Amino acid sequence: MTKKSLKFNSKTIHGGQAPDKAYGAVMPPIYQTSTYAQSTPGGHMGFEYSRSANPTRTALENALASIENGNYGLAFGSGLAAIDAVIKLLNPGDEVVSTNDLYGGSYRLFKQVFEKYGIVFHFIGMESVDKIEAHINENTKLIWVETPTNPMMNVIDIKAVSQLAKKKNILLAVDNTFATPYLQTPLDLGADIVMHSATKYLGGHSDVVVGALVVKDKELADRLYFIQNASGAVCGPMDSFLTLRGIKTLHVRMQRHCENGKAIARYLAKHPKIEKVYWPGFENHPNHEIAKNQMNDFGGMISFVTMGSSYEDAIKIVEKLEVFTLAESLGGVESLAGHPASMTHASIPKEEREKSGVVDALIRLSVGIEDKDDLIADLEQAIG
Ligand SMILES: *Cc1c(COP(=O)(O)O)cnc(C)c1O
């Protein structure tokens, strides 16, 4: 059996990895070096300068490619640096169709950095392929999908969008940060590029800021590698090591995130003081059927709105939580709570935000892997 044919729960540990060549170290050493000795000009052992390549980063990049069922992985200094590299594939005048309910930092990068360089972005709800098609013209070069969306937990049909993208000869990139390859592998559904903020579930321990891209196609990989090396926003050796270590337990962590997520979503749905719970595992979630087909489980990300929908009530609840930490970010072993309107999505204008449902009373939970009874008891005392 080759390592290529391993199942996901083994690939997280072994995929793309081999003991280190120098001394057989089972974990790739942290090659904390910028440069490499050459025997003669150009006579090196595959590494010459750590922006171009570093053995610890290469180990991470191979592992990323393996778990996403791709052929090439690229690791960046942050998720946004990875997105930045994708948009740099484009030229002035090119157009992008993007989900409207997306990570606030992605929106900011698109609107406030790349629009200046003449790239045009259309932010739309992607509940139907026809709607996406209506925004495509001869300048459209990229479709940007985030699913489940942040923080409204809409689920977009990757396969359906990829069929449209292929028909129109447009690249499809999927931000897979929320789902992780434990839940879905977009390249298998026809996407060209998978992007991660590995800061979240892949790293999994809230101790790094790292980004990733994975592709199947060699030419696309070469173009992205050129940008990675030319722009230089690479992931350092220490962070590469930590992310690689995180990936080794991704499957066991995700299993518990999903179990706890289900218990908490059900608890919130029954709570008399909660008006609405957004979680794709509910049968009455508008995209439940897509989620069931596309994802292996429903994850640990949940958003909810309190009865009466007041800003003050939402703030009171997040301040009272004790086991959940009030913090930006998600996907770590510890449970976090956030208030999108004032935190992660503060950079999106209120009017734009509320169009996609990010109201002032919305609270987002990243359910961790603690004992679920403790998490529910904490929510109970905070909601009151
Ligand atoms: C955090 C996040 C990003 C940005 O990643 P960084 O590592 O913070 O730069 C992009 N997309 C999603 C869905 C995220 O949650």
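As the structure lists them, so they are numbered: ligands from 1, and atoms in each ligand from 1. Throughout, numbering of the chain's residues begins at 1 and tracks the sequence. Just so it is clear, the model here is predicted, and its values are computed rather than measured.
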Once you measure the plane-to-plane angle for Phe114 and Tyr117, does it fall in the parallel (<30°), tilted (30-60°) or perpendicular (>60°) bin? tilted

Look at the aromatic rings of Tyr107 and Phe123 and report parallel, tilted or perpendicular, splitting at 30° and 60°. tilted

Salt bridge between Lys350 and Asp360, side-chain N to carboxylate O under 4.0 Å? yes

Taking salt bridge (Lys or Arg N to Asp or Glu O under 4.0 Å) as the test, write out the residues that go with Lys166, two or more places apart. none

Which pairs of nitrogen or oxygen atoms, taken one from ligand 1 and one from the protein, are under 3.5 angstrom apart?
residue	atom	partner	partner atom	Å
ligand 1	5 (O)	Ser197	OG	3.0
ligand 1	7 (O)	Gly79	N	2.8
ligand 1	7 (O)	Ser197	OG	2.8
ligand 1	7 (O)	Thr199	OG1	2.7
ligand 1	9 (O)	Gly79	N	3.0
ligand 1	9 (O)	Leu80	N	2.9
ligand 1	11 (N)	Asp175	OD2	2.7
ligand 1	15 (O)	Lys200	NZ	2.7

Greater than 12 external heavy atoms within 6.0 Å of Lys141's NZ: yes

For the ring pair His285 and Tyr278, is the centre-to-centre distance below 6.0 Å? no

